Every structure is written in structure tokens, then in C-alpha cells.
Amino acid sequence: MRQIKKWTAVLLTIPMAAVMPLSVCAAEENTPKEEVVYINLNADGTAEEINVVNILRGNTQDAMTEMIVMTDYGKYLDVRNMTTTDAVDYSGDTVKINSSAEKLYYEGKLESIIMPWDIQIRYFLDGEEYTAEEIAGKSGELKITIQIAQNQKCRGDFYDYYSLQASLSFDTDKCKKITAPDATIANVGSNKQLTYTILPGKGADLEITAEVTEFEMDAISINGIPLNLNIEVDDEELMEQMTELLDATSQLDDGAGELEDGITELQDGAQSELKSGAADLKDGAGQLHNGAADLKDGGSSLKDGAAGLQDGVNTLDQGIHSLNRGVGQIQEALNALNRQSPELVNGSASFQAALAQLQAALSGVSLTAEDLSALTDASSAIKAGIDELVNGITALQNHVSFDAYKAAMSQNGLDIDALRQKNESAVSSLEGLTASLSSQIEELKHAGIDTSEMELQVSQLSDMMLLLGANNAGIDGTESYLQTVNANLSSLLQGAASLQENYEVFDGKIGELVNKLGGLAYQMSELSSAVNTLVVEYGKLDDGIHGYTQAVAQIAAGYSQITDGAAQLVTGSGELKAGSESLYSGTGELLSGIVKLYDGTGILKDATGTLDDGVAELLAGIAQLKDGAGELKDGTSTMKEETKGMDTEISDKIDELIRTVTGGDFEVTSFVSEKNTNVQSVQFVMNADGIKAEEDSEEIEEAPKQLSAWNKFLNLFGMYHED
């Protein structure tokens with residue numbers, strides 16, 4: 001495992017130890033030195049005057065009285081020795097001082113006022129722009145904008161490698177509701193001090209607002225220094241954990257794919273088997289219902305025919321009795337009856353043929369125990385399939401959760417909870433370190449020491465805390481996502497359980513229907529037996545009809561046998577009437593049984609429709625489960641794709657961030673002259689004029705003039721001159 005180390009540090013002091021190598025040029029070898037560039041800015045940010053304090057490293061020998069010639073270069077309007085009384089020889093662009101001092105300060109006022117930064121300071125009150133002189137002493141809604149960009153006219157790489165710290169101070173008695181995004185705000189006595197840190201090569205676009213009364217403001221201070229970061233950060237453990245996280249993400253994506261494939265197979269099997277079985281059952285029930293309807297129509301026709309036959313037999317019986325009562329009309333009646341005998345014989349034959357057809361139709365209707373058993377077996381198979389679906393969804397719910405995810409991560413060597421705790425512990429430690437540094441900053445501020453670099457370090461530690469917090473936020477997001485999927489599986493499980501419960505009721509109805517169909521099969525068996533008996537008995541009746549017609553013929557042929565024939569006819573007519581009544585009663589029972597069969601097949605048909613709806617709901621639930629699995633697969637694939645190469649990106653981003661903050665490798669060059677090749681450090685100190693309201697002209701006695709911190713500093717080097 002490679003180890004990545006990044007070095008960061010903040011050095012705010014002026015480096016003194018290293019001596020820059022001298023370049024070979026036409027100019028004389030110049031003395032090692034440091035440059036402090038003081039830039040006086042107008043209130044609008046433009047440069048008014050640039051003075052440079054050059055700190056020369058002179059006599060380094062023990063004999064402090066030995067005189068040496070110090071050489072430096074620059075184009076100045078005037079120069080003066082700030083340390084000794086030794087004369088300054090300035091000619092052209094060359095400065096020479098013959099001195100025995102170990103360290104010598106001399107000041108020069110540059111001819112050029114071009115600085116590395118283009119600074120614009122603008123003042124607005126109640127939306128209208130004013131100059132600094134105009135806005136002094138006014139009241140209202142104040143807005144100050146400060147824009148800092150690179151000055152393309154300036155030589156050197158100071159803009160790209162120097163960090164700026166800008167400070168503004170506001171009297172809280174005159175300035176209320178101060179807002180300054182991106183600024184560090186501190187209380188300094190009764191003032192609010194705003195501090196901005198501007199990284200190398202970044203520039204700035206700042207805005208400050210406040211409610212002001214008789215507005216005044218101290219000078220704006222801007223300091224420029226190079227940064228050299230040198231703190232060790234070992235990210236080996238972080239990168240190892242990131243690798244484990246990427247491996248776990250890949251495994252999660254593979255598992256989601258397998259889940260989606262399994263649900264697809266379940267859906268294909270359910271569609272082919274459930275739909276086919278439900279369709280066959282529905283078609284069979286429809287055919288059975290249609291056959292029962294045809295049988296019902298035939299039974300109704302049979303009953304109507306039997307009723308007509310009964311009416312005919314009654315009429316015939318009445319005629320026979322009339323014949324018996326009217327002997328006088330026997331001959332004529334016998335002749336007429338003899339003429340009707342062929343019709344009677346043919347009608348009896350037709351009726352006998354109809355009975356034979358009914359007998360054949362009943363023998364073709366088959367409702368066996370095997371058919372009923374197949375119906376119950378199919379319903380039981382569907383019920384078992386629904387039970388397996390509920391068990392499968394339950395198992396899926398148990399394996400798709402944040403706890404299961406953590407267990408999988410643990411098997412691969414990553415303890416999610418431990419990682420979260422380590423992040424929180426690291427944040428806590430960084431917070432403690434930040435608090436400690438902040439306390440030290442306050443102490444150093446009270447001691448009058450510049451703490452801008454330490455404040456920058458505190459800001460960087462805050463960025464590290466944000467990164468660790470973002471890592472925990474990613475873990476929390478994974479937990480929320482998996483819990484949402486688990487909740488959706490719970491909803492699916494509830495739907496499947498509801499289907500399971502409803503189908504248990506339907507399966508019970510199937511059992512009841514099978515029992516009813518069993519009873520109907522028994523009734524059809526009895527009906528078939530009764531029809532068979534009717535066929536046999538009607539055969540006897542047909543034989544009687546044939547005998548009757550023969551008797552009628554004999555009566556017609558021989559009147560002598562009229563009395564005996566009439567008596568036999570009355571007897572036969574009574575038997576015929578009884579037989580027709582039995583036939584009518586039997587057809588009524590047959591029709592009633594057929595109606596029951598028709599109603600039963602209707603119930604069966606409706607039940608298969610309900611079964612079809614249940615199968616549709618089941619398939620819809622499986623489709624919904626498949627869609628959920630597809631969304632899970634899409635999410636894991638997206639997560640896998642988005643996190644691909646994350647370890648390299650994080651490492652590159654950290655390197656880029658450090659390069660951005662430090663400005664990269666930087667070789668110090670002189671701001672004053674290219675001929676100065678032995679410069680150890682260059683520092684910029686810029687001050688923009690403050691804003692003061694005009695003094696009251698009626699004031700009797702002028703108060704003693706108080707020097708600002710800046711003027712006191714200039715006075716320390718003899719650079720302050722009272723106007």
C-alpha cells in the first residue's frame with residue numbers, strides 16, 4: 001500500500017537563515033538583504049506612494065569595526081540611512097553604503113508606484129456612490145466594496161505566490177448591524193475588526209454593509225506575504241478505508257443485479273404458469289356454463305312438449321269417455337279415430353325418439369371425481385405459489401437493510417460504526433485543537449503579535465473537519481437509502497400478505513363449489529336413471545298405442561266388438577293419462593336440476609373471473625417488486641460508477657488544495673530591481689487612508705493629535721512626518 005504524505009505549514013515570519021545564490025550578471029555582487037515594501041493607498045485603493053525599507057546583511061565578522069561596502073540596486077526618488085550615520089552613495093540605480101553594521105536599514109522612495117495588485121475600494125450610502133471625502137460624517141445604509149485583481153503591468157510573480165490579509169475596523173458606536181460574508185469578525189475593545197485572507201492567485205470581491213451614524217473609519221490595512229506550508233498529513237488509513245468502501249460498493253451492485261435477475265425469473269414463471277392455468281380454468285368454466293345453458297334450453301323445450309302431450313292425452317281421454325257415453329255416435333267416431341291412428345303412431349314414435357335423444361345427451365354429460373379433484377389441486381397449487389412469494393419477499397426484506405449492509409461491510413473488513421466513530425473522534429480532536437489555537441491567537445493578539453497565519457491554519461483545520469463530516473454524511477445517506485428500500489419491501493410484503501389472505505378465502509369457496517358439484521353429479525346420475533326408466537316404460541306405452549290403433553281398426557272393421565274395445569280404450573286412456581302426467585312431472589324435475597346446474601356453472605364462471613383478477617394483482621405485485629429491484633440496481637450502478645476512481649480523485653483534490661493554498665514552489669525575487677539577486681524575503685504592507693469627519697471650526701482648543709498604530713510604526717523608523 002503506497003503512503004501519501006502532504007506537507008502543510010504556515011510561516012509568517014520573515015526568513016533570515018537561507019542565503020539565495022547569486023546570479024551571474026553585469027552588475028556588481030549585491031549584499032544579501034530583505035525588502036519590506038510600504039505602499040500608501042488612497043481611500044479608493046489606488047497607490048499614492050511606495051517606500052521600501054531594505055534590510056542589508058552587512059558585517060558578519062567578530063571585528064565589528066571592520067568597514068565593508070554594502071551594494072544594492074533600485075530606482076528611488078530619495079534614500080536615507082535609518083540605522084547609522086554612514087553616508088549613502090546613490091548614483092543611477094546603484095546604492096552603496098560603507099559601514100561596519102551587522103544589519104543596516106535604509107529607506108528608499110520608489111520612482112514607480114506600480115504594485116502587484118489592482119485594488120478598487122468604493123463607498124455607497126443608501127444606494128448612491130460617494131467618494132471617501134463625501135461620505136465622511138454621513139448617516140444611512142452603508143456599503144463598501146473591495147475588489148482585488150492582478151495588476152498586469154507589474155513585474156514578478158507576487159500575485160500568484162503571495163497571500164493577502166486585509167483588515168478593517170469599525171466603531172460599534174457609529175456602525176450597527178455589520179455584515180461581512182467570508183470575513184473573520186472579532187471584538188477589539190469597542191470596535192469590530194474584520195479580517196479577510198486572500199489566497200495566492202485568487203483575488204477578491206468583498207462586500208461589507210452596515211447602518212452608520214456620522215460615519216468614520218480607520219485606515220484599511222492589507223499585508224502580503226508568501227506562504228510555505230509544512231505540516232505532515234498521513235492519509236494512508238483514509239485511502240485504505242476508501243478502497244474498502246469502493247470494493248463494498250461493487251459487491252452491493254453485484255448483489256442488486258442478482259436480485260433483479262431472480263425477480264425476473266420469478267415474474268416469467270408466474271406469468272407463464274399462473275396465466276395459463278387461470279385461462280384454462282376460465283375457458284373450461286365458460287364452456288361448462290354455455291353447455292348448461294344449452295341443456296337448460298333443451299329442458300325447457302322438453303317440458304313444453306310434455307305439457308302439450310299431457311294436454312293431448314287429457315283431450316283423448318275426454319274423447320274416449322264421450323265415445324263410451326255416445327254409443328250412437330261410435331261408428332262415426334271410430335272411423336274418425338281410425339283415420340287419426342297413423343298420426344298417433346307417428347307422434348308416439350317421435351316422442352320415443354326424443355326420449356332416446358335425451359337419454360343419449362344425459363349419458364354424454366360427465367362430471368367425475370377426478371375433474372373435481374383437478375380443480376381443488378389447481379387452487380391448492382396457486383395458494384402454495386402465493387405462500388412461496390410471501391416467504392420470498394420476507395427473506396428479501398431481511399437481507400436488504402442497513403444492518404445487513406453493515407454486516408456485509410464487516411465481512412469485507414470495514415466496520416461502518418467504527419469508521420463513523422473514528423470520524424467523529426477525529427472531528428472532536430480537531431475541534432479541541434482549533435479551540436486551543438484560537439485561544440493562543442487571542443493571547444498573541446493581546447501581545448500585539450500578528451496571528452493571520454495561525455488563523456489561516458485554523459481555517460484549514462475547519463476544512464478538514466468538514467471533509468470528515470461529509471464522510472459521515474455519506475454513511476448517513478446510505479443508511480437512509482437502504483431503510484427506504486426496506487420500507488418499500490414492507491409495503492410489498494403487506495400487499496402479498498393481503499393477497500395470501502384473500503386467496504385463502506377463495507380457496508375455501510372452491511372447496512364449497514366442489515362439494516356442490518359433487519351433489520349435482522349425484523342428481524344427474526339419478527336423472528339419467530329416471531330417463532332410462534321413462535324410455536323403458538314409454539316403450540310399453542308405444543306398444544299400447546300400436547295395440548290401440550289395431551283395436552280401433554278392428555272396431556271399425558267389426559262393430560260387434562265395440563263394447564269390449566270401448567272398455568279397453570277407457571282403461572288404456574287412463575294409463576296413458578297417468579303416464580303423461582308422470583312424464584310431465586319428470587320433465588319438471590329434469591328442468592329444475594338443469595337450472596341448478598346452470599346456476600352452479602355461473603358461480604364457477606364468476607369465481608374464475610375473481611381468480612383472474614387475483615392472478616393479475618399477483619403479477620402486478622411481482623412487476624412492482626421487479627421495478628423496485630431495477631431501481632435498486634440502477635442506484636447501486638450509479639453509486640458504483642460515481643465512486644469509480646474516487647480514491648485517486650480525493651488524493652488529487654488534496655494535492656490540488658495544498659498547491660492552491662501554498663501557491664506551489666516559489667523563488668523569492670526582488671520587487672525593487674532585477675539586479676538584486678541576493679534577496680531572502682519580500683513583504684508588502686499596504687494602508688488605505690481612513691475616513692474622518694471634518695473637525696468643528698468653533699472648537700476653542702485643539703485636542704492633542706493622537707498617532708495611529710501605522711503612524712507610530714512609521715515614526716519608529718523616522719518615516720512619519722506631521723503635515
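Keep in mind the model is a prediction, meaning the values are calculated, not measured. In this chain, numbering begins with 1 at the start of the sequence shown.
In this structure, CG in Leu466 is found 11.0 Å from CG in Leu461, a value given to the nearest 0.5 Å. If you take CD on Glu216 and SG on Cys175, they are separated by 9.5 Å, rounding to the nearest 0.5 Å. The OG atom of Ser439 lies 9.5 Å from the CG atom of Leu437; values are rounded to the nearest 0.5 Å. Rounded to the nearest 0.5 angstrom, Lys174 NZ and Ser190 OG are separated by 11.0 Å. Between Ile119 atom CD1 and Thr46 atom OG1 the span is 9.5 Å, to the nearest 0.5 Å. Put simply, NE2 on His446 and CD1 on Ile441 are 12.0 Å apart, with the number rounded to the nearest 0.5 Å.
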Exercise for the section: Check the pair Asp218, Lys692 against salt bridge (Lys or Arg N to Asp or Glu O under 4.0 Å), reporting the backbone distance first and the verdict last. Expected result: CA-CA 8 Å; Asp218 291 338; Lys692 297 294 182 182; 3.4 Å; yes
Exercise for the section: Could you give me the CA-CA distance, side-chain angles and deciding distance for Asp157 and Thr669, then say whether side chain to side chain contact (heavy atoms under 4.5 Å, CB included) is met? Expected result: CA-CA 9 Å; Asp157 297 329; Thr669 59; over 6 Å; no
Handout entry: Stepwise salt bridge (Lys or Arg N to Asp or Glu O under 4.0 Å) test for Lys75 and Glu111
Key = CA-CA 6 Å; Lys75 292 184 178 181; Glu111 294 180 359; 5.8 Å; no
Practice task
Go through the steps for Asn54 and Tyr76 under the test side-chain hydrogen bond (donor to acceptor under 3.5 Å, both in side chains), then give the verdict.
Solution key: CA-CA 12 Å; Asn54 298 281; Tyr76 299 107; 3.1 Å; yes
Practice task
Test side-chain hydrogen bond (donor to acceptor under 3.5 Å, both in side chains) on Ser673 and Asn676 and set out the steps.
Solution key: CA-CA 6 Å; Ser673 173; Asn676 295 323; 4.6 Å; no
Exercise for the section: Evaluate the side chain to side chain contact (heavy atoms under 4.5 Å, CB included) criterion for residues Ser100 and Glu66: first the C-alpha distance (whole Å), next the side-chain angles of each, then the deciding distance (0.1 Å), finally the verdict. Expected result: CA-CA 5 Å; Ser100 62; Glu66 181 180 350; 5.8 Å; no
Practice task
Given side chain to side chain contact (heavy atoms under 4.5 Å, CB included), test Met115 with Leu41 step by step and report yes or no.
Solution key: CA-CA 11 Å; Met115 59 183 180; Leu41 303 176; 3.7 Å; yes
Exercise for the section: Give the intermediate values and the outcome of salt bridge (Lys or Arg N to Asp or Glu O under 4.0 Å) for residues Lys177 and Glu211. Expected result: CA-CA 6 Å; Lys177 298 182 180 180; Glu211 293 182 2; 3.6 Å; yes
Exercise for the section: Using the side chain to side chain contact (heavy atoms under 4.5 Å, CB included) rule, take Val53 and Met82 through it: C-alpha gap first, then chi angles, then the decisive distance, then the call. Expected result: CA-CA 9 Å; Val53 174; Met82 301 172 61; 4.2 Å; yes
Exercise for the section: Give the C-alpha distance, both sets of side-chain angles, the deciding distance and a yes or no for side-chain hydrogen bond (donor to acceptor under 3.5 Å, both in side chains) between Glu35 and Ser681. Expected result: CA-CA 6 Å; Glu35 296 176 358; Ser681 72; over 6 Å; no
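Between Phe684 and Trp117, the ring centre distance stays below 6.0 Å. In this structure, Phe124 has its ring center at least 6.0 angstrom away from the ring center of Tyr130.
The shortest distance between side-chain heavy atoms of Thr83 and Lys103 does not fall below 4.5 Å. Annotation: side chain of Glu455 is in contact with side chain of Lys445 (closest heavy-atom distance under 4.5 Å). Within the 4.5 Å cutoff, the side chain of Leu110 has no heavy atoms near those of the Asn51 side chain. Val212 has its side chain within reach of Leu125: a pair of non-hydrogen atoms, C-beta onward, lies under 4.5 Å apart. Contact check for Asn30 versus Tyr73: side-chain heavy atoms found under the 4.5 Å cut-off. Under the 4.5 Å side-chain criterion, counting only non-hydrogen atoms from C-beta, Leu194 is in contact with Ile208. The closest side-chain heavy-atom distance from Ile475 to Ile416 is below 4.5 Å. Using a 4.5 Å cut-off on side-chain heavy atoms (C-beta onward), Asp44 and Arg122 make no contact.
The environment of CG in Asp182 is sparse: at most 12 heavy-atom neighbours from other residues, nucleotides or ligands sit within 6.0 Å. Other residues, nucleotides and ligands place more than 12 heavy atoms under 6.0 Å from the CD atom of Glu48.
Although no hydrogens or angles enter the test, the distance criterion places a donor-acceptor pair under 3.5 Å between the side chain of Tyr90 and the main chain of Gly92. In this structure, the side chain of Thr451 does not engage the main chain of Met454 through any donor-acceptor pair within 3.5 Å. For Ser163 (side chain) and Leu199 (main-chain N/O), no donor-acceptor pair under 3.5 Å exists by modelled atom type. A side-chain donor-acceptor contact under 3.5 Å links Tyr123 to the backbone of Ala43. Checking side-chain atoms of Ser167 against main-chain N and O of Ser221 turns up no donor-acceptor pair under 3.5 Å. Under the 3.5 Å distance criterion, the side-chain polar atoms of Thr434 are matched with a main-chain donor or acceptor of Leu430. A donor-acceptor pair under 3.5 Å is absent between the side-chain atoms of Asn42 and the main chain of Gly45, judged by distance alone.
Residue Arg80 comes nearest to Val88 through the heavy atom pair C-CG2, 4.4 Å, listed as atom of the first residue, atom of the second, then distance. Contact record, Pro116 with Phe671: CD-CE1, 3.8 Å, taken as the closest heavy-atom pair. Smallest separation of non-hydrogen atoms from Ile68 and Gly58: CD1-C, 3.4 Å. The two residues Ser670 and Val682 have their closest heavy-atom pair at CA-CG2, 4.4 Å. For the pair Ile97 and Asp86, the tightest heavy-atom approach, listed with the atom from each and the gap, is CG2-CB, 4.1 Å. Shown here for Gly74 and Val672, the closest heavy-atom pair between the two residues is CA-CG1, 3.4 Å.
Considering Ile55, Asp72, Thr71 as possible partners of Lys33, the one that fulfils the side-chain contact (heavy atoms from CB on, under 4.5 Å) test is Asp72. Among Asn223, Asn40, Ile39, the one residue that satisfies the side-chain contact (heavy atoms from CB on, under 4.5 Å) test with Met686 is Ile39.
Annotation: side-chain hydrogen bond (donor to acceptor under 3.5 Å, both in side chains) contacts involving residues 137-150, sequence neighbours excluded, are absent.
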